[in-house]
Amino acid sequence: MLPASSSLDKRRWLAPSKLARQRVLFAALCVIWGVNWLAMKAGVATVPPGFFSGTRWTFAGLVLLAWWKLQGRSFRLPVRMLLRLVWVSVLLISFNAVIMLYGLRYVPVGLAAVVNAGLTPVAMLGFGILAGLERFRWRQLGAFALGISGILLLFGPKAAEGTLDLPVLLGTLAIIVGNLCYSYGSVAAQPLMRSISPVLLTATTNFLGGSILLVCSLLFEPGVGQAMTFHWGAAAWAGWLFMVLAGSLGATIFYFFLVRDWGPSRTGTYAFVSPVIAILLGMAVYGETLDVLEIGGMALMLGGAAVALRRA
């Protein structure tokens, strides 16, 4: 029989270190949010984007709220914050999701992932400065310049040659607008977290934003009657389930843990890994290709994101 000290040493050797667990969570986060773009593309190919996303976010919000209740925690929210909470929910979920998913119908997965990942930290930084939550530094101006240069390199030469694909351009603009809604909503949500737990805020915004989007889809979105039969096909259902289970209920929780342990800047470096995964999957599944200018434009956008994330 091993002495107590030897058994303790063995357990310590077998148990993964905290850093190792964090790295596993980070790797999972990068993979999930890279695959998420493929899942979205598969879903909106056959299902109206508003209905597809509305059902996803409403269901995810209900699950998180049920989990919160099972923990014996209170749902009480300050009345003075309800209007702001609804507005944030509309920005983060309703506007962002439907605009971006309609754009994704016409944009390659890899391009969509890079534009979104490269723009998010830059846009959040800009809105943070305007809201007085961030201090302006000259390095931040460099982040904006790199991001804009990347977009110009992606589309400028083709526009000058007259070979620009208009649906791709409009789809990319939709992704940019959706991202700006998300980024502004994230900045607007920051004051709410002084009084509301981030987990409860996530659950509430998911449910409110998803419900509002779902109601609007049922009232106005073309093709929703057919979608309500739920005969979506295996690819769309696989995408929906992946986004709910792995995306909304898995990666979001991983993200919160990493932000708590690593801080937002270090955790935000997922923005440089997930697009690579999305690009490779887009090439493998949809046969997407990249030319030299597109690679250069994407690199500039991700460079701008790197500068924005390095705020210290």
F51 to E221 - nearest heavy-atom pair and separation: N-OE1, 2.9 Å

Validation row, ring centre F230 to ring centre W232 under 6.0 Å: yes

Heavy-atom pair of closest approach, residues S53 and L101: CB-CD1, 3.5 Å

Non-hydrogen atoms of P49 and R105 that approach each other most closely: CD-NH2, 3.4 Å

Closest heavy-atom pair and its distance - L65, A203: CD2-CB, 3.7 Å

Parallel, tilted or perpendicular: ring planes of F95 versus W87, cut at 30 and 60 degrees: perpendicular

Smallest separation among heavy atoms of M100 and I175, with atom names: CE-O, 3.6 Å

Lys NZ or Arg CZ of R73 over W68 ring: under 6.0 Å, within 45°: yes

F242 CZ: over 12 foreign heavy atoms closer than 6.0 Å: yes

Result of checking L85, I212, N96 against V90 for side-chain contact (heavy atoms from CB on, under 4.5 Å): I212

Taking every non-hydrogen atom, the tightest pair across G178 and I99: N-CG2, 3.9 Å

Side chain to side chain, W37 and N116, heavy atoms closer than 4.5 Å: yes

V115 and N179: CA distance, side-chain angles, deciding distance, side-chain contact (heavy atoms from CB on, under 4.5 Å) verdict: CA-CA 9 Å; V115 169; N179 180 278; over 6 Å; no

Pairwise side-chain contact, F59 with L62, heavy-atom cut-off 4.5 Å (strictly under): no

Backbone N/O of G239 and side chain of K41: donor-acceptor pair under 3.5 Å: no

Rounded distance [0.5 Å steps], CD1 in I93 versus OG in S211: 10.5 Å

Straight-line distance of R84 CZ to L82 CG, nearest 0.5 Å: 13.0 Å

Approximate separation, where rounding is to 0.5 Å, of F52 CZ and T46 OG1: 8.0 Å

